[in-house]
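To keep things clear, I will list the structure first and then write my remarks on it.
Lettering follows sequence order; numbering is per chain, from 1.
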2 protein chains.
Amino acid sequence: MPSARRLGSPDAKNRSVLLDAAEQLMLEEGYAAVSARRVAARAGLKHQLVHYYFRTMDDLLLDVFRRRAEEGLERQAKALASDQPLRALWEYSTDRAGTVLTMEFAGLANHRKAIRAEIARYAEKFRAAQLEALPGILDRYGLCSDDCPPVVMTVLLTGLSRVVAMEQTIGISTGHTEALAWVERHLQQLEGDPKSRTDDR
Amino acid sequence: MPSARRLGSPDAKNRSVLLDAAEQLMLEEGYAAVSARRVAARAGLKHQLVHYYFRTMDDLLLDVFRRRAEEGLERQAKALASDQPLRALWEYSTDRAGTVLTMEFAGLANHRKAIRAEIARYAEKFRAAQLEALPGILDRYGLCSDDCPPVVMTVLLTGLSRVVAMEQTIGISTGHTEALAWVERHLQQLEGDPKSRTDDR
DNA sequence: GTCTATAATCAGATAGAC
DNA sequence: GTCTATCTGATTATAGAC
């Protein structure tokens, strides 16, 4: 077992520079473009440093994912705890960059087992957090919702935000404005007009 | 311009054998696994034949996509013309292999312009066909649907089927049975129990 | 921490014989 | 149509000098 090899410390500056470069590359050109050489080039570093900080490329990809996911969990929690929770959750869910990255990782998961498990783990975390908060919120709005329980709503709106984000990046547009307006109508009805700009990123 | 090179005829047997192999590979291991060598190996042929029948790998990928898309358009048209059109459309939309391939191509489209345009073109075709048929169908069922117009329904259900298919392949399951049951409840209410097995593929 | 150098694979694509 | 052979370039990863 060759794990005696050296590894850079987790809080080194260049480490996060490489993570940034990998994430950006993934966003713009897809996971297939994330090679050690291209990541390093974008970060202005030598490609060997990638292997110094991350033993394998899978390790790098996993760290990019985890960093995003942890930040996302916090953002989602803050949204759910805000005074317009549904609107805030929707705004978070429709974040373009976040959704595109999620889809890219989902594609990656199709053929890399190590990554698949981690993605599934976090995805369930996201959904569980939503399901813990939603019933209380909907109750407060007087939605007993026998027809469409919270868990269905969650899956439905996840799908909607994903498909719109995905289609936007490809160049498909039919029905998007109508679908977004439909959501907005319901948000408006439940929580009124948007009160604050929650773009604190 | 070196386009003087030879190319195999479009209806040769080995050509479709290669298309089959590429599609299968894409389904099982993702588009990144579709290399000339791996496709050929799976087809029991030499990798040079890939370049004989398809000048470039993009050409191969595009042909895989077009073949699937054309078949899909026919299947969707047949579904929309059946006596339980909504149920048939839903069954078609939730076809696991079809959805996974669609997502794989969508990922591919993120970083290959030539493929992106073709995918967008076909996606709009699919949606347009749905939008031509849906209003009549919903009218017949007495759904004036001021709240949720057909185009919104289309986008919403596309998103739902995609997210469920994607999450199933990764191993996420929370909310799936509930969401599918929710759709089934509405289908049941509008079109009653499933009449025929429409699995003629 | 960062470098040079290198090993071992795999990729796409073409030329030309048969 | 299918083959052998080959060119060219990219990839991951490691060893070891500085």
Side-chain angles (χ1 to χ4, degrees), chain A residues 1-22 25-26 28-65 104 107-108 111-115, chain B residues 1-22 25-26 28-65 104 107-108 111-115:
Chain A
M1 75 195 52
S3 30
R5 208 168 102 238
R6 295 187 301 167
L7 259 182
S9 76
D11 53 342
K13 181 193 159 199
N14 276 346
R15 196 176 191 280
S16 62
V17 170
L18 287 170
L19 284 175
D20 291 340
L25 208 47
M26 201 164 181
E28 292 171 15
E29 307 190 46
Y31 63 81
V34 181
S35 69
R37 282 162 158 87
R38 298 203 56 184
V39 168
R42 183 167 284 232
L45 300 170
K46 301 280 177 176
H47 67 266
Q48 294 91 334
L49 282 183
V50 173
H51 297 288
Y52 171 66
Y53 285 107
F54 313 90
R55 187 179 303 284
T56 69
M57 289 310 289
D58 274 17
D59 287 343
L60 167 61
L61 260 1
L62 265 177
D63 272 14
V64 170
F65 175 74
E104 209 61 43
L108 198 53
H111 51 283
R112 303 225 200 167
K113 287 182 299 180
I115 292 179
Chain B
M1 74 196 52
S3 32
R5 211 169 101 235
R6 296 185 300 166
L7 259 182
S9 75
D11 54 339
K13 180 193 161 199
N14 275 346
R15 195 176 192 278
S16 61
V17 170
L18 287 171
L19 284 176
D20 291 340
L25 209 46
M26 201 164 180
E28 292 172 15
E29 307 191 46
Y31 63 82
V34 181
S35 70
R37 285 161 159 88
R38 298 202 56 182
V39 168
R42 183 168 283 235
L45 300 170
K46 302 280 177 176
H47 69 264
Q48 294 90 336
L49 282 184
V50 173
H51 296 288
Y52 172 67
Y53 285 109
F54 312 91
R55 186 178 305 282
T56 69
M57 290 308 288
D58 274 16
D59 287 343
L60 166 61
L61 259 1
L62 266 177
D63 272 15
V64 171
F65 174 74
E104 209 62 43
L108 198 53
H111 51 284
R112 302 226 202 167
K113 289 183 300 181
I115 292 180

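Of the possible polar contacts, one joining the B:T56 side chain to the B:D59 backbone as a donor-acceptor pair under 3.5 Å is found.
Residue contacts shown for A:R38 are limited to sugar-phosphate atoms, with no base heavy atom under 4.0 Å away.
Applying the side-chain hydrogen bond (donor to acceptor under 3.5 Å, both in side chains) test to A:R38 and every residue at least two apart in sequence or in another chain returns A:E29. With sequence neighbours excluded, the residues forming a salt bridge (charged side-chain N to carboxylate O under 4.0 Å, His left out) with B:D58 are B:R112, listed by chain and number. Under the ring pair (Phe, Tyr, Trp, His ring centres under 6.0 Å) criterion, B:H51 pairs with no residue at all, not counting sequence neighbours. Residues satisfying the side-chain hydrogen bond (donor to acceptor under 3.5 Å, both in side chains) criterion with A:D63, sequence neighbours excluded, are A:R15, A:R66. Not counting sequence neighbours, A:F54 has no partner by the ring pair (Phe, Tyr, Trp, His ring centres under 6.0 Å) test.
Residue B:H51 places no side-chain N or O under 4.0 Å from the OP1 or OP2 atom of C:dG12.
To the nearest angstrom, P of C:dA13 lies 10 Å from CG of B:L60. We find that CG of B:L25 is positioned 15 Å from P of C:dC10, with the value rounded to whole Å.
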Pairs: protein N or O with nucleotides 2-7 of chain C N or O, under 3.5 Å:
residue : atom : partner : partner atom : Å
C:dT2   : OP1  : A:N14   : ND2          : 2.9
C:dT2   : OP2  : A:N14   : ND2          : 3.2
C:dT2   : OP2  : A:Y53   : OH           : 2.9
C:dT2   : O4   : A:R6    : NH2          : 2.6
C:dA5   : N6   : A:Q48   : NE2          : 3.1

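Picking from C:dA11, D:dG1, C:dA13 the nucleotide with the shortest atom distance to the side chain of B:S35 gives C:dA11.
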